[in-house]
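Structure record follows, encoded as structure tokens.
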Amino acid sequence: MKFTFLTLFPDLVRPYFQESIMAKAIERELVEYEVIDIRAFATDRHRTCDDAPYGGGYGMVMKAEPIARALESVARQGQRVVMPTPAGRLFDQTAAEDLSSQKELVLLCGRYEGIDQRIIDRYVDVQLSVGDYVLSSGEIASLVIVDAVYRLLDGVIRAGSLEEESHSDGLLEYPHYTRPEVFEGMAVPSVLLSGHHREIAEWRRWQQIERTIHVRPDLFERSGVTEDEVEILRAKHGGTDGSDQGN
Ligand code: SAM
């Protein structure tokens, strides 16, 4: 899969592709990336990419012409142009899964007050918000989207670990522990040391349910978990510790 960034700040984006799991995915040719500097497509002496808004108001707006030229320079069959914006549809795990089936995503990164609407009308396929808050940069939001998408590609991460993560089945993830068994007087829940795989799976399921009810009741409502299951698991595991209750 290819990620093509259109940005005024290429140096904000490049380091992300040079570290950790992403760097390995690139080395193994599971991921490709390209970073295009929109400013290189401005034609005036000062390489101007923003201007005051028509109708007045605060801030500057990213100009249409350099962005249009930049987009035309990378236009290819089968790519989807994604623009992060707080005015977009909320980006979630389902949207990440949907985007992970694409051949190429073009990430159009906004700055200032945003991008001239005519670019959005002509070129943008999907507008996504990474949350109900305002960042100063589309680069950070685009990297959030890319990070959630590329890890779903075959071969990037062990398949089993994706299946058990938060949001993969509509619930938040259960808590994790590793050595030592006792840390500053806090012991690992004994069930995890028992070796009983069914008991462990049940306890983890209960932790997921309890945490989701407590931290994200909205998700729990939609999860499809039945009252019966909650009652059975609460009766058996309700008294055991281990949930961080969203800390
Ligand atoms: N004037 C815009 C508004 O009120 O909707 C905010 C512009 S923001 C300062 C600059 C850029 O950051 C946006 O063009 C967008 O690319 C990005 N951005 C900010 N918050 C975002 C969010 N919650 N989700 C996705 N992108 C965001």
Side-chain angles (χ1 to χ4, degrees), residues 1-17 22 31 33-42 46-75 79-102 104-152 166-167 172 215-216 218-219 246:
M1 182 172 195
K2 179 162 184 176
F3 298 108
T4 302
F5 276 71
L6 266 61
T7 170
L8 289 174
F9 299 92
D11 291 344
L12 255 182
V13 175
R14 286 195 190 105
Y16 168 78
F17 288 92
M22 176 57 98
V31 172
Y33 78 104
E34 188 175 1
V35 183
I36 304 289
D37 186 352
I38 295 171
R39 208 170 287 285
F41 293 85
H46 299 293
R47 299 217 171 268
T48 311
C49 286
D50 60 299
D51 207 337
Y54 277 121
Y58 294 109
M60 300 295 269
V61 176
M62 284 175 69
K63 287 167 70 61
E65 303 99 310
I67 298 178
R69 283 186 215 109
L71 280 165
E72 298 289 355
S73 80
V74 297
Q79 60 182 200
R80 196 162 334 167
V81 179
V82 177
M83 189 188 80
T85 163
R89 190 161 50 84
L90 207 55
F91 179 64
D92 60 10
Q93 193 63 22
T94 308
E97 278 157 16
D98 172 42
L99 291 180
S100 71
S101 65
Q102 299 296 313
E104 178 179 1
L105 298 184
V106 176
L107 287 308
L108 176 56
C109 304
R111 276 266 164 170
Y112 320 119
E113 287 311 314
I115 292 174
D116 189 303
Q117 183 62 36
R118 291 166 291 185
I119 288 291
I120 302 168
D121 295 343
R122 172 150 310 170
Y123 294 100
V124 173
D125 298 310
V126 49
Q127 299 180 58
L128 293 172
S129 166
V130 295
D132 292 337
Y133 44 78
V134 178
L135 301 168
S136 51
S137 125
E139 286 75 15
I140 305 288
S142 293
L143 289 174
V144 167
I145 293 167
V146 167
D147 197 273
V149 169
Y150 94 97
R151 63 199 299 286
L152 300 175
S166 297
H167 304 291
L172 303 180
V215 181
R216 292 290 306 274
D218 57 317
L219 282 184

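Order of listing sets the numbers, starting from 1, for every ligand and every atom in it.
Taking both residues in full, the closest heavy atoms of Leu99 and Val82 are given as CD2-CG2, 4.4 Å, listed atom of the first, atom of the second, then distance.
Ring-plane geometry between Phe17 and Tyr33 is classed as parallel, the angle between the planes falling under 30 degrees on a 0 to 90 degree scale with a further cut at 60.
Checked by atom type and distance alone, the side chain of Gln79 pairs as donor or acceptor with a backbone atom of Val74 at under 3.5 Å.
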Report each N/O pair between ligand 1 and the protein that falls under 3.5 Å, naming both atoms.
residue  : atom   : partner : partner atom : Å
ligand 1 : 1 (N)  : Glu113  : O            : 2.9
ligand 1 : 1 (N)  : Glu113  : OE1          : 3.0
ligand 1 : 12 (O) : Ser137  : N            : 3.4
ligand 1 : 12 (O) : Gly138  : N            : 3.4
ligand 1 : 16 (O) : Pro84   : O            : 2.9
ligand 1 : 16 (O) : Gly110  : N            : 3.4
ligand 1 : 20 (N) : Leu135  : N            : 2.9
ligand 1 : 23 (N) : Gly131  : O            : 3.0
ligand 1 : 23 (N) : Tyr133  : O            : 2.8
ligand 1 : 24 (N) : Val130  : N            : 3.0
ligand 1 : 26 (N) : Thr85   : N            : 3.2

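Under the rule for a salt bridge (Lys or Arg N to Asp or Glu O under 4.0 Å), the partners of Glu34 that lie at least two apart in sequence or sit in another chain are Lys2, Arg76. With sequence neighbours excluded, the residues forming a side chain to side chain contact (heavy atoms under 4.5 Å, CB included) with Ser166 are Leu172, Glu173, listed by chain and number.
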Side-chain atoms of residues 129-140: list all donor-acceptor pairs with protein atoms under 3.5 Å, sequence neighbours left out, distances to 0.1 Å.
residue : atom : partner : partner atom : Å
Ser129  : OG   : Gly131  : N            : 3.1
Ser129  : OG   : Gly131  : O            : 2.9
Tyr133  : OH   : Val130  : O            : 3.1
Ser137  : OG   : Glu139  : N            : 3.1
Ser137  : OG   : Glu139  : OE1          : 3.0
Ser137  : OG   : Ile140  : N            : 3.2
Glu139  : OE1  : Arg111  : NE           : 3.3
Glu139  : OE2  : Thr7    : OG1          : 2.6

